[in-house]
Amino acid sequence: MKKPTRVNHPPPVELPPGNRALVPPIYQSVKFEFESVAATEEFLRGERPGFFYTRSGNPTNRELEQLLAQLQDREDCLVTASGAGAISQALIALTRSGDHILSFIEGYGPTRQLIRRVLARFGVTHTLLSIEDTAGIERVLATQPVRLVHFESPTNPVTRIADIEALTRAARAAGALTVMDNTFAGFHQHGEYDVDVFVHSLTKYASGAGDVLGGAVIARGELIRALRADFSVLGGTLDPHAAFLILRGLKTYFVRYRAQCASALAIAQLLAAHPAVARVHYPGLPTHPQHALAARQMRDFGTIVSFDLAGGDGACRRFADALELFALTPSLGSGESLIVTPHIMGARDLNAAEQKISGITAGTVRLSVGLEDLDDLVEDVTRALAAAGS
Ligand SMILES: *Cc1c(COP(=O)(O)O)cnc(C)c1O
């Protein structure tokens, strides 16, 4: 073999039987081959397991899929290049022209825009209600066929809690699928409820480091099998290197999530006792209007603390600018603490009536509490509150 040939066919190293890597390797390969045309044919006919092309399947991605399915108490999973990709591919694969989607105003902006702007172009209609509008939910389910109900809990950014039991029961009775964006609560929560499809952004708590994008769709095996063929042609596949980083992040998922929840509760309590703060939205506080429901549904109340500053827009700007440890940037779930001012930085597609339902005011602040020392975070928030109030 001449050297230009050799560099394209390096000598393979295979581990001998009985010898394995403790951390599985990254299969950073787009292509996989079988030993013959006949074997390839068998694979393509579905008569033999294996991998062929990473857009349709990759061993590193598969490892992540199997782990996430177990964490969320479901049979199977598909990972995607981002959380938005998981949601868009799932909703595209699950709907057809003429179908109706029920979803909610209090939620992640890009998902709302997907339903309103993109799916509407393909004849998929929708109703957007408040997650608290129980009568409206029953009315919509009773008056027309609904293909699926898409919801979040806690909602972004003001942490309203969906009554998952009631919602999934009503949807099931009406023959509608439920799709729950469970990013805020995490993989270890809500699995015991009768939710058909969970979607997650892996960019947040799974990676935990804020250095990689990813998404996941988790459901019973038969549903994932049906979605897999569509996902393969839609093409928003996760890169195996990203899957490796997310698998690495997941090793510390539980300790991170719980430590961040404990700090989030302490900060929520501090905010609730401060005169510059009009209202705190944190499901773990007994003053949250749905605390009892949250306590029934959740083991950990999350790392997002939203609140309204009494001084409105001006106070909100002063508070955000005065913080030193909280980065002024979107996203959540990373080791660094983050701050978003939703009125200024998001939810631009909401009209005045929807804005009111969304619970976002000119003084609303959303904090994502990170892994810094709690004393340092308390000091930073206390100083910024003084700046906001002045
Ligand atoms: C971030 C987020 C998404 C989108 O995830 P990306 O990985 O950023 O595409 C979807 N839903 C919720 C609730 C999110 O917080």
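Both counts, for ligands and for their atoms, begin at 1 and track the order of listing. Numbering of residues begins at 1 and proceeds along the displayed sequence. Any value given below was found using the heavy atoms of this structure, including those in side chains, with hydrogens, waters and symmetry copies removed.
Applying side-chain contact (heavy atoms from CB on, under 4.5 Å) to Pro240 and the options Leu245, Val30, Asn58 leaves one that passes, Asn58. Of the residues listed (Arg74, His190, Gln72), the one engaging Val195 in a side-chain contact (heavy atoms from CB on, under 4.5 Å) is Arg74, and it is the only one.
Judged by a 6.0 Å distance limit and a 45° cone about the ring axis, Lys204 is positioned over the six-membered ring of Tyr108.
Taking the six-membered ring for Trp and thresholds of 30 and 60 degrees, Phe32 and Tyr27 have ring planes inclined between 30 and 60 degrees apart.
Side-chain contact check for Ser82 versus Thr80: every heavy-atom pair is 4.5 Å or farther apart.
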Please test Asp196 against Arg172 for side chain to side chain contact (heavy atoms under 4.5 Å, CB included), starting from the C-alpha separation and ending with a verdict. CA-CA 9 Å; Asp196 291 301; Arg172 173 94 45 225; 2.9 Å; yes
For ligand 1, find each of its N or O atoms that sits under 3.5 Å from a protein N or O atom, and tabulate the pairs with distances to one decimal place.
{"residue": "ligand 1", "atom": "5 (O)", "partner": "Ser201", "partner atom": "OG", "Å": "3.1"}
{"residue": "ligand 1", "atom": "7 (O)", "partner": "Gly83", "partner atom": "N", "Å": "2.8"}
{"residue": "ligand 1", "atom": "7 (O)", "partner": "Ser201", "partner atom": "OG", "Å": "2.8"}
{"residue": "ligand 1", "atom": "7 (O)", "partner": "Thr203", "partner atom": "OG1", "Å": "2.5"}
{"residue": "ligand 1", "atom": "9 (O)", "partner": "Gly83", "partner atom": "N", "Å": "3.1"}
{"residue": "ligand 1", "atom": "9 (O)", "partner": "Ala84", "partner atom": "N", "Å": "2.8"}
{"residue": "ligand 1", "atom": "11 (N)", "partner": "Asp181", "partner atom": "OD2", "Å": "2.6"}
{"residue": "ligand 1", "atom": "15 (O)", "partner": "Lys204", "partner atom": "NZ", "Å": "2.8"}

